[in-house]
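Reminder, nothing fancy here: chain letters follow the sequence lines and each chain counts from 1.
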Amino acid sequence: LQETPAGFADFVSGQSRPLLKTAWLLTGDWHAAEDLLQASLAKLFLAWDRIERQENLAAYVRRTMVTTYATWWRRRWRGETPTEHLPEHAQTHDRYAEADVRESVRIALDELPRKQRAVVVLRYFEDLTEAETAAALGCSVGTVKTHASRALARLRASSALGTLVTEETP
Amino acid sequence: VTNDALERELSRVLHELPGEPPEHPGRLPEVRARATRLRRQHRTGAAVALAAVTAVIVLVPTLLFGGGGSAVKQAPVVSPSDWPSRGSLADDTTVQPRAVAAWQRALTSRHRGRLTQPAHLVYAGQVPHVGVVVVLSGVEPRGGDRIVIAVGEDTHHLSLFADEAQPFGVSPITVLFGAPQQIFEGPSPSCRTQPTGQPASRALLVIGPPDTTGARWHAQQLRTPPCGGDVSGPWHNLALHDGVGATQVVQPFGQEIQAEVDADSGGYTGRPIIDGPVPVVTLGQRVARGVPIVPLGSVATTTTRTSSSVSTRAGISGSKSDNGNPFGWARRSDASNAQAAFDPMQVFASVSDPVESVPIVYLALPDGTFVNVAAARAGTHDEQAYLSVTTSGRDSVRTYVRKSFADNRPPYQLSAIIQGRTERWLFVAGTPGIYRIMWRPVGTSLWRQMPVYESTGTVRITDAETKPLEITLWKRDGSVIYEGPVDSTHPLR
């Protein structure tokens, strides 16, 4: 294995935290988020010599995360995609009793199709423009607008987030 | 709520949502290791790396089970469904459908569904002191192979007398008519308080394979008498004609009748006698329960196999596996005898290391194929989930789905396409709480529901359904627990 470039180690050290948050918003699970981040960083590692001079390496990793995330979804033998934890297991505490804003939004995100979820994360967490989001997802701006519009409609209709926004909006 | 307001709140909440990520000091070396694997895969053209949770279909060579000393011994197979119809009324073509109708009425009264397979007439005739007796061998959608007995004053007024699971392999059918006797199951009574009662005269019907000529019966007290003495009665012979015989027996109070067929010739011995009425009972619910998640080592009842033996032991949690298991699923079963007929340890017949296994799901598909889901650990491997099928006593497990426990988390579902005895099925076992299961071929838009029993779905699929299938599992409140492909697209057989 080649030596780890100093710049790469610095990048991992400095950018992992925000990138991991993005990965968590995409996957809804810290283990899956770590998995997604590492997979994306590994691709960056292999491409480092070619792209280290790029200004926005974080954007490269972010785009890799989104495409990897989509690839995992398409892959048939990837295993499970749990979208909600069950409260029925007798040994666990009642998760819904501890439901809060974080849980409500997480549930609302889980209800979104993956493309729409990716658009929401890139647009409203990463604060990318529609054009940047389209570039990250490899689709047209019109497609981003469509996904964003549909996602907002679903979130508005979601009992979890709909209630939250109604309560917090003056 | 306007879009602007929603967007503002969404942006604010999303930034607060993840919280502080957990520290992961080993990230950099792990990334380097991943990069190495990735480069190797690129160079060799290997398939993409598997995700943390994987499901694989495993082909078990038949050789593994052939003549192995530790393999589960298979009984010779002569099923009652292979026997010719016998009895003085066997040629009456109205008897079989009337008996089937009586069976269906009893099943319907207990919400056990519709019979879909034809039932075989084993016996129809007059039994002294009983009347018309009709014995059927058939498959029940939620019961697997059944022995069903209908009785009546005549063939027009049949009612169900017994509905019992038919074990794999050879089994003479022995039936005791009349009210069953009291058998002491509780604490042993003292000499002074030992209950007494009158002996009962009951009718015994024995049906064996057509080539059997003799049977014998006796009364026996199962438990050691508290005041000593041998209370087992002598054996009485019963001649069989065309493999069938009936007689009156005397059953002393507190004892049970045992019967054997062709015992002297070293042939078949007795099966558990059908003692008195065995009504159709109500089965489980639509939604399965959960139980505590307990590692295999401390599961209440596990089966442990070494290279030379298979044993079942009680664990520290007590005597019932529903006290907990690695899945956190309460045990699911139906009216079938799958638990007695199929041992998941067959899967590990070739493994020399000790194996621990706890069964979770024992269910029959509507065509009589048995499905088993178990948590097991072979050798030094971690606990894994196994889904396997068997179609008859003559077949060992040939293929199964194995699924890892990711981060010690039990699976949300196990699913497979199954080539059963006569039909092709999609089988999905969901985690407790699953209320609705839907499926569709990949690339199509129409989701179709499948019948759900104990959070487990089964639906027949046609041979024309060749596309990969995907499924969604829903809770009662409409939330989706799983959406994705079926674990195995290659049919289990």
Kindly check if the number of other-residue, nucleotide or ligand heavy atoms within 6.0 Å of [atom1] ([X]) is above 12?
{"X": "Glu465(B)", "atom1": "CD", "result": "yes"}
{"X": "Arg150(A)", "atom1": "CZ", "result": "no"}
{"X": "Trp439(B)", "atom1": "CH2", "result": "yes"}

Per side chain to side chain contact (heavy atoms under 4.5 Å, CB included), Leu14(B) is matched among Thr22(A), Asp127(A), Val120(A) by Val120(A)
Are the side chains of Leu44(A) and Val31(B) in contact, using a 4.5 Å heavy-atom criterion?
no
Heavy-atom distances under 4.5 Å only: say whether Leu25(A) touches chain B with side chain, backbone, both or neither.
side chain
Taking all atoms of both residues into account, what is the closest heavy-atom pair of Ala35(B) and Phe45(A), and its distance?
CB-CD2, 3.5 Å
How many angstroms lie between atom NE2 of His15(B) and atom CD of Glu126(A), to the nearest 0.5 angstrom?
7.5 Å
Separation of Leu20(A) CG from Glu20(B) CD (nearest 0.5 Å)
10.5 Å
